[in-house]
Amino acid sequence: KLKSEIGRLEKSKNLRSVKLDDYNKIAQNINLNTNPSEETFNTNREKAKQLKQSTEQNIIDENKKLRSLETEEENLKQSTENLVKTIKTLQENKNNIAGREAEIRDEIIAHIGASREEIPFIGELIKVKEIELAWESSIEKVLHNFALRLIVPPKYYSKVNQYVNSNNLRGRVRYDKYEKQDYLKNFQNKNIKEKSLNNKIDIKPKTQYADWIENYLEAQFDFVCVDNLAEFEHYSEMAITQNGLIKFKRGKHEKDDRPHITRKENYVLGWDNKEKIAALKRELTNLQNQQTDNKKAIASKNAEIKNFGIFRDECHNLFSKFDKYDDINWQSNANEIQEKTEQKQALDTTTNLVKNSKDWL
């Protein structure tokens, strides 16, 4: 009977020993004590439950960060695609105006059979002089909206009106009807102020619209480019500083330092866009580097969330797989085995003595 009991206890001890090995692996994975006493076993169970709960919150928090990175990935992808499209448009048009405005102009001229030279953007016929590039940012701000207007000659005026009126342009178009004897001639003033904005720009030579643009600029954009605020305040209207503070007519003031306004790659003046394309290509490289970094961050965040998931599951396993200390307490079996082995040995010894006594008798 003792022999049978010892055999049963050996099996139980071996099973508990294997379970303890499993327990120790899990405890080690979640940084809890291994080979625990009963008290430590119970403490580990409670700690594992708390760790599981806190890890689940970590997973929620990191998933939010992951979604933010994925959103950023989509934004970077869209920005990159838009920038590639813009560069392609600039390479085709040779000016600094891209985006939906350029597409609308192309759609109009394709429909009415005109050319880009016949219906130009005002901005592609104006540029800041090389020696006045310190004023480029301020002049761009003053002339930006004017530069995005189209000039439409009389021969195409009705056709342009018809097309624009009849179609959803999915964007905005602004245009001026060109008249050779424009009323703006009445404003022509060849005695331009020395510090006038108009002295800091060039009009594209050999264009039929040169006089019209010059007269329009003199009439509507005769800003004085001042050197300091004292001089700025001296003028009641139509003055700008090199830092972009603009004083319009009737006391209106404005300074626009939003990033997309001040970035050189968004400038629209000029009939040579090589510099702008170079700037946009640099921006494209920067965007592509950001995409690479963002992809790495997404991969790292996914790995981090995966590891949190493994850790959470291990915490759960510790208290779900091992609910009783006896499940891993092989030492109690070992003690019983030793005790019963000693009993068996004592009985064996007694049996031998009895046998020897009988043989003697």
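On a predicted model such as this, the values are computed, not experimentally measured, just so you know.
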Q | Distance-only side-chain donor-acceptor flag, Glu314 / Asn317, under 3.5 Å | A | yes
Q: Sort out for me which residue in Leu143, Asn145, Ile97, Ile126 forms a side chain to side chain contact (heavy atoms under 4.5 Å, CB included) with Val268.
A: Ile97
Q. Would you call Arg258 and Asp256 a salt bridge, using N to O less than 4.0 angstrom?
A. yes
**Q.** salt bridge (Lys or Arg N to Asp or Glu O under 4.0 Å) evaluation trace for Glu72 with Lys65
**A.** CA-CA 10 Å; Glu72 179 65 13; Lys65 294 177 183 178; over 6 Å; no
**Q.** Sidechain N-carboxylate O distance under 4.0 Å for Glu62, Lys301
**A.** yes
Q: Would you check if there is a donor-acceptor pair between the side chains of Asp257 and Thr262 at a distance under 3.5 Å?
A: no
Q. Crowded around Gln162 CD? As in, over 12 foreign heavy atoms under 6.0 Å?
A. no
Q) Is there a donor-acceptor contact under 3.5 Å linking the side chains of Thr43 and Thr40? A) no
Q: Ignoring hydrogens and angles, state whether a donor on the side chain of Tyr267 or Asn273 is under 3.5 Å from an acceptor on the partner side chain.
A: no
Q) Looking at Phe232, is Lys247 sitting on its ring face, NZ or CZ under 6.0 Å from the six-membered ring centre and within 45 degrees of the normal? A) yes
Report, one line per pair, each donor and acceptor closer than 3.5 Å where one atom sits in a side chain of residues 151-158; sequence neighbours left out.
unit_1: Tyr156; atom_1: OH; unit_2: Glu118; atom_2: OE1; d: 3.1
unit_1: Tyr156; atom_1: OH; unit_2: Glu118; atom_2: OE2; d: 3.1

(Q) Restricting to side chain to side chain contact (heavy atoms under 4.5 Å, CB included), what partner residues turn up for Asp293, sequence neighbours left out? (A) none
(Q) Ring centroids only, cut at 6.0 angstrom: are Phe41 and Phe322 within range, meaning strictly under it? (A) no
**Q.** Derivation of the salt bridge (Lys or Arg N to Asp or Glu O under 4.0 Å) call for Asp326 and Lys19
**A.** CA-CA 10 Å; Asp326 278 348; Lys19 282 192 174 184; over 6 Å; no
**Q.** Test ring-ring contact (aromatic ring centres under 6.0 Å, His included) applied to Phe311 - qualifying residues, sequence neighbours left out
**A.** none
Q | Distance-only side-chain donor-acceptor flag, Asn35 / Asn24, under 3.5 Å | A | yes
Q. Does CD in Gln28 sit with more than 12 non-hydrogen atoms of other residues, nucleotides or ligands closer than 6.0 Å?
A. no
